[in-house]
Amino acid sequence: MFKVIQRSVGPASLSLLTFKVYASAKKDSSHKASVKVNELSLYSVPEGQSKYVEEPRTQLEESISHLRHYCEPYTSWCQEMYSQTKPKMQSLVQWGLDSYEYLQNAPPGFFPRLGVIGFSGVVGLLLARGSKIKKLVYPPVFMGLAASLYYPQQAIVFVQVSGEKLYDWGLRGYIVVEDLWKENIQKSENVKNSPGNK
């Protein structure tokens, strides 16, 4: 067994040694046979005879190309809509986070007030049986009345702003109806005064 180890250790230890090998030129050769580095075949550049040839497209590649060209307007529209709605969504998410933070640290008495306001909306919904218009009008009105009892200053500001908006909308509606009325009257007068009716 010792002989086996000795025979395997010898070549293994020789592999760890490094040797320098020097090559010497023959004494009878001249110095003209020396070669420059750029003349070596390792560093030589092949002549520019190569030519790029594009491989023909397969049927799968053609189908994918047609599909991409077909879908391009839709993807650009989706990207545009995403870029437009992203700020709105971020503001909506921020509003939700702020509301959640407010509800976590709500002032005392907030939840009982919220319950009374919600209950008044349910009462308004119960009283509005039978008519769809009543179902749209009664719950917000009852909730607004209950909220105005707890938050009178905010209710006054809301009534002022909404009153101005309602007045503005009413004025615009009146102008539109007046213009339509005048157009109908002029059309009926033109029909009466036309030479065919005389």
**Q.** Where at least one partner belongs to residues 75-97, residue pairs that pass ring pair (Phe, Tyr, Trp, His ring centres under 6.0 Å), sequence neighbours excluded
**A.**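 Counting only pairs at least two positions apart or across chains, no ring pair (Phe, Tyr, Trp, His ring centres under 6.0 Å) contact touches residues 75-97.
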Q: List, by chain and then residue number, the residues other than Tyr70 in its hydrophobic cluster (Ile/Leu/Val/Met/Phe/Trp/Tyr, side-chain heavy atoms under 4.5 Å); write none if there are no others.
A: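 Taking Ile, Leu, Val, Met, Phe, Trp and Tyr as members, Tyr70 shares its hydrophobic cluster with Tyr74.
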Q) Who are the side-chain contact (heavy atoms from CB on, under 4.5 Å) partners of Leu60, not counting sequence neighbours? A)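 Applying side-chain contact (heavy atoms from CB on, under 4.5 Å) to Leu60 gives Thr58, Ile64.
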Q) Is the count of non-hydrogen atoms from other residues, nucleotides or ligands lying under 6.0 Å from Ile133 atom CD1 greater than 12? A)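 Incorrect, the count does not exceed 12.
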Q: Output all residues satisfying side-chain hydrogen bond (donor to acceptor under 3.5 Å, both in side chains) with Gln90, sequence neighbours left out; order by chain, then residue number.
A: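 With sequence neighbours excluded, Gln90 shows a side-chain hydrogen bond (donor to acceptor under 3.5 Å, both in side chains) to no residue whatsoever.
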Q: May I have all residue pairs that pass salt bridge (Lys or Arg N to Asp or Glu O under 4.0 Å) and include part of residues 128-138, sequence neighbours excluded?
A: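 Non-adjacent pairs meeting salt bridge (Lys or Arg N to Asp or Glu O under 4.0 Å): zero.
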**Q.** Summary of salt bridge (Lys or Arg N to Asp or Glu O under 4.0 Å) pairs that have at least one residue in residues 59-80, sequence neighbours excluded
**A.**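 Qualifying pairs: Arg57-Glu62.
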Q | Between CE on residue Met81 and SG on residue Cys78, distance to nearest 0.5 Å | A |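 Rounded to the nearest 0.5 Å, the CE-SG separation comes to 9.0 Å.
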**Q.** Gap between atom CE of Met143 and atom OG of Ser148 - 0.5 Å precision
**A.**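 Atom-to-atom, Ser148:OG and Met143:CE are 12.0 Å apart.
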Please report, to 0.1 Å, the donor-acceptor pairs under 3.5 Å made by any side chain of residues 102-128, with sequence neighbours excluded.
{"from": "Gln104", "atom 1": "NE2", "to": "Tyr100", "atom 2": "OH", "distance (Å)": "3.4"}
{"from": "Asn105", "atom 1": "ND2", "to": "Glu101", "atom 2": "OE2", "distance (Å)": "3.0"}
{"from": "Ser120", "atom 1": "OG", "to": "Val116", "atom 2": "O", "distance (Å)": "3.4"}
{"from": "Ser120", "atom 1": "OG", "to": "Ile117", "atom 2": "O", "distance (Å)": "2.6"}
{"from": "Ser120", "atom 1": "OG", "to": "Phe142", "atom 2": "O", "distance (Å)": "3.4"}

Review item, side-chain donor-acceptor pairs of residues 153-168, under 3.5 Å, at least two apart:
{"from": "Ser162", "atom 1": "OG", "to": "Phe158", "atom 2": "O", "distance (Å)": "2.7"}
{"from": "Ser162", "atom 1": "OG", "to": "Val159", "atom 2": "O", "distance (Å)": "3.3"}
{"from": "Asp168", "atom 1": "OD2", "to": "Arg172", "atom 2": "NH2", "distance (Å)": "3.2"}

Return all side-chain donor-acceptor pairs below 3.5 angstrom for residues 175-182, not counting sequence neighbours, or 'none' if the list is empty.
none

